[in-house]
Amino acid sequence: MTTQASPDAVAPEVESPPRLLDVQGLTVEFRTSAGWSRAVDDVSFDVHPGETVGLVGESGCGKSVTMLSLLGLTRRANARVSGSAVFEGHDLLALSAKELPDIRGNRVGTIFQQPARSLNPAFTVGEQIAETIRHHRQVGRKEAWRRAVALLDDLSIPNAEKRAGEYPHTFSGGMCQRVMIAIALSCDPALLIADEPTTALDVTVQAAILDILRAIQDERGIAIVLVSHDLGIVNEMCDRTNIMYAGQVVEAGDTGELLAQPRHPYTEGLLQGLPENMVGGRLQAIPGNVPPLDELPDGCHFAPRCAYARAGDCDAVVPPLVLDDGRAVRCLRSDELDLVGVGAR
Amino acid sequence: MRRRESVLRRFLDNRAALAGLVVLAILLLCAVLGGLLTPQDPNEQDLRSALESPSLSHLAGTDDFGRDVLSRLIAGAAVSLKAALVATSLGAAIGVPLGMFAGFAGRLTDAALSRLNDGLMAVPGIIFALAVVAALGTSLTNAMIAIGILFVPLFFRVARAATVSVREETYIEASQALGCTRARTIWRHIFPNVLSPIVVQAALLAGAAIAAEASLSFIGIGVAPPQASWGSMIQAAIPNLEREPYLVIFPGLAITLTVMALTFVGDGLRDALGTSRRASVEAKEAVA
Amino acid sequence: MSLLEVTGLCKSFPTRRDALGRVREQHHAVKDVSFSVEPGTTFAIVGESGAGKSTTARLVLRLIEPSAGSVTFDGIDVCALGGRELRLLRRRMQMIFQDPSSSLDPRVSVGESIAEPLVVFDRTATTKAQRTERAAELLERVGLAARDRLKYPSEMSGGQLQRVAIARALTLHPDLIVCDEPVAALDMSVRAQVLNLMKDLQSELELAFLFISHDLSLVRVIADHLAVMHRGAIVEQGPAEQIFAAPSSEYTSKLLAAVPVVSGPGSRQRRARTVMEDA
């Protein structure tokens with residue numbers, strides 16, 4: 001049982017640059033045999049042009065579902081989506097099935113976790129990129145092909161002309177992800193959604209892909225929403241970050257500040273659990289498990305595992321997300337606590 | 001919810017499968033209680049009332065010997081059931097172990113067995129049945145043995161394919177690492193996990209067996225008269241087709257309904273058993 | 001004497017055969033690998049995909065046959081053993097796998113999976129009640145509840161299942177457990193719990209681990225010694241701390257440099273683009 005948490009804006013209105021994507025009160029529920037289950041609960045975040053925003057959390061936190069629902073990819077699976085997501089003046093959640101494809105692939109590009117599985121094995125790599133171009137732009141086959149090859153070349157795929165005519169199975173994981181990036185960028189989108197883009201890749205390949213993403217951002221000024229479970233990647237890539245737990249945003253703000261001075265016990269817990277913070281040869285693990293979505297506790301979702309939970313308060317009411325000078329926290333005791341971040345001892 | 005319960009629930013939710021199950025239950029009842037359920041003696045002739053249309057005293061009419069068609073239909077159920085049982089069990093008893101063995105064995109053994117299997121599959125059905133019956137004598141059992149042998153390759157393929165896919169699962173490697181013997185691995189870990197597709201196949205082939213029995217009895221190498229069997233009833237009805245079409249319709253309907261019931265049950269089993277782990281993993285991935 | 005001694009281990013897989021089945025081309029997955037593991041310590045093998053580390057793990061347990069080289073466990077030549085003796089040796093060296101949900105038979109309850117080694121080896125020596133008791137005891141030892149033994153794998157989370165897999169590996173009191181990326185499929189917070197559990201068990205039970213991983217930061221937590229593999233060969237090996245502090249191989253340096261870091265000043269760090277052969 002969760003109470004409807006109101007997205008409180010406690011801070012005074014601050015002059016901020018125009019938002020590219022503004023998600024407010026996004027809630028996604030799935031129908032299960034035991035009724036409706038809330039995978040995303042009242043999530044709000046925004047993205048400004050040219051910046052990288054992170055959505056970080058563990059399994060079941062709802063980060064992937066959040067992004068999928070923005071693109072209308074959850075509609076088929078018995079889902080109920082509410083809230084708003086304004087992108088370039090349009091509410092993505094209110095768009096019809098006809099209008100959405102004009103945004104997808106065109107104004108918003110997406111790359112997913114397992115690049116080899118995202119590509120169609122029956123078509124050459126060049127065709128898949130060119131197809132997207134032809135779909136959204138009025139260009140002929142030759143021009144689309146030329147652009148596709150140029151993109152592959154931009155992404156440092158050696159021998160782009162030749163490789164464009166080859167099939168996905170001849171590409172390694174890192175190369176496949178570059179192809180995915182090419183497809184995502186083919187129509188010059190304003191926003192790139194990267195859903196765990198490097199999780200399935202080796203660490204050196206991962207570094208190369210992240211470098212590419214940064215380079216593209218510098219060259220084209222696109223904004224990136226990066227979904228990840230890896231705080232290291234988030235630290236290196238994201239200007240601002242939203243930490244999610246059990247369907248809710250529990251903390252948000254400037255990445256550097258958030259990691260150095262977390263305001264939510266869960267964030268502190270994640271940071272303390274890193275190898276560099278081992279104590280006496282043991283990792284400082286957060287006790288307990290992430291609650292299943294159909295068995296969420298009353299009150300704060302994190303309370304049962306929280307070292308600072310206060311009985312009577314934290315287990316009774318769902319804390320609202322409180323905004324304060326660019327930082328947001330969903331914790332009743334946040335002001336009283338002195339939490340430890342990275343680089344501090 | 002425990003896995004076993006959810007499988008049962010999924011099966012029962014499928015209305016077609018449920019209907020099929022009901023039909024099969026009736027069939028089983030007829031087969032077991034045969035003599036008690038028949039309104040009249042299926043073999044009792046009464047030539048004065050031959051070829052009568054359905055009436056109150058004979059709900060499905062009478063055949064050319066004046067025998068009550070309904071009673072013969074009920075008696076015929078036992079025959080169909082026996083036919084399905086003999087053929088399917090024989091096919092499974094030989095095909096499944098061989099298929100599992102081929103799926104688990106080395107490249108050469110698998111190749112050899114599979115080629116033998118392909119050979120058996122190439123044998124034409126009715127002709128083979130004729131040959132077997134010629135060798136062993138005309139009887140329903142012998143005819144169904146022939147059909148059973150023809151079923152072997154089908155069970156072989158299903159068992160082999162299922163074994164090959166299960167063989168790649170980590171828990172099979174884990175059982176090896178634990179120190180299980182090959183035999184134990186096959187029996188305890190592979191077999192329960194390939195059971196679903198085999199059971200589904202068995203249900204579908206049982207339907208085929210019944211249809212086969214009807215065909216074989218129709219051409220005269222199945223049951224011997226005056227034994228009632230749906231196939232032989234159709235055969236006997238052909239000369240009188242213009243006068244009394246119901247003589248063909250009722251047994252034909254019985255065969256069709258039974259085969260449909262078995263098919264629905266087979267599909268229902270496949271849907272209910274088929275989901276399990278794959279679906280739960282995908283569901284977890286989708287929500288993560 | 002070392003608990004495990006691997007010398008000159010090689011494994012090649014045929015990639016192309018001619019019409020008669022003779023091997024024309026081979027892929028050398030493991031090339032001349034040698035290392036040793038002391039009792040009660042953790043030896044980690046680190047590398048990227050295709051490095052040959054998983055293959056090496058399986059060669060050590062002789063789940064696949066080596067093309068050349070030797071594996072000696074507690075003085076016994078593993079490769080020379082016959083079928084039955086090899087099976088008996090498995091009591092002392094166990095394995096846990098990367099994906100816990102697929103390393104347990106989905107149709108068998110968790111308690112039965114844990115007790116299975118007892119059934120395989122000690123069927124006559126133990127009663128059903130004793131086996132159930134042992135399963136319950138092991139479940140509690142790994143931080144789960146005794147009553148969980150009735151659950152099926154589909155009812156438990158990844159972290160819980162990996163604990164079950166560890167419990168199963170412990171059933172026969174092994175000396176060595178080979179761990180193939182045991183926490184790679186788990187969430188961050190769960191990883192920490194499972195690694196802590198492994199460390200506790202190691203000191204309590206004098207267990208040795210052969211820990212395979214692609215994640216360098218993880219390996220730092222648990223490894224006493226480590227070997228870095230690249231394309232089938234070991235490029236560097238030695239005490240873990242030493243290698244982290246001062247890697248002597250260029251490849252190791254590259255691997256270390258590529259790991260994204262959390263600690264450090266809050267500003268984003270930019271790295272020069274790393275040039276990889278076919279990334």
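All chains are named by letter (A, B, ...) in the order of the sequence lines, taking the proteins before the strands, and each is independently numbered beginning at 1. All values below come from the heavy atoms of this structure, side chains included, with hydrogens, waters and symmetry mates left out.
Contact of A:Pro287 with chain C is made through the backbone alone, with heavy-atom distances under 4.5 Å. With a threshold of 4.5 angstrom between heavy atoms, A:Leu201 does not approach chain C through any atom at all. Of the atoms belonging to C:Asp200, it is side-chain heavy atoms, and not backbone ones, that fall under 4.5 Å from chain A. Interface remark: A:Ile233 contributes backbone and side-chain atoms alike to the contact with chain C (heavy atom separation under 4.5 Å). With a 4.5 angstrom heavy-atom cutoff, A:Gln206 touches chain C only via side-chain atoms. When heavy atoms are compared at a cutoff of 4.5 Å, A:Leu270 approaches chain C solely by way of its side chain, counted from C-beta outward.
Judged by distance alone, with hydrogens and angles left aside, the side-chain atoms of C:Asn196 form no donor-acceptor pair with the main-chain N or O of A:Arg282 at under 3.5 Å.
Surrounding CD of C:Gln237 are more than 12 heavy atoms belonging to other residues, nucleotides or ligands, all under 6.0 Å away. Within a 6.0 Å radius of CD in C:Glu204, other residues, nucleotides and ligands contribute more than 12 heavy atoms. The environment of CD in C:Glu140 is crowded: more than 12 heavy-atom neighbours from other residues, nucleotides or ligands sit within 6.0 Å.
Taking all atoms of both residues into account, the shortest heavy-atom contact from C:Val190 to A:Glu58 is N-OE2, 4.3 Å. Summarising the geometry of A:Asn235 relative to C:Val261, their closest heavy-atom pair is ND2-O, 3.0 Å, with the distance given to 0.1 Å. Between C:Val259 and A:Glu236 the shortest heavy-atom distance is O-OE2, 4.5 Å. Residues C:Gln160 and A:Asn289 share a closest heavy-atom pair of NE2-ND2, 3.9 Å. Between A:Asp230 and C:Pro260, the shortest heavy-atom distance links the atoms OD2-CG, 4.3 Å.
Side-chain contact between A:Arg305 and C:Ser189: present, with at least one pair of heavy atoms (C-beta onward) separated by less than 4.5 Å.
The distance from the CD atom of C:Glu48 to the OG1 atom of A:Thr204 is 3.0 Å, given to the nearest 0.5 Å. C:Leu218 contributes atom CG, which lies 11.0 Å from atom CG of A:Leu274 (distance to the nearest 0.5 angstrom). Atoms CE and CG, from C:Met188 and A:Leu283 in turn, are 13.0 Å apart once rounded to the nearest 0.5 Å.
For the options A:Ile209, A:Leu259, A:Ile157, A:Leu231, heavy-atom pairs under 4.5 Å to chain C are most numerous at A:Leu231. Listed options C:Arg220, C:Lys199, C:His214, C:Arg191 were ranked by heavy-atom pairs under 4.5 angstrom with chain A; first place goes to C:Lys199. Of the residues considered (A:Gly232, A:Gly288, A:Pro275, A:Pro292), A:Gly232 shows the highest number of contacts with chain C, using heavy-atom pairs under 4.5 Å.
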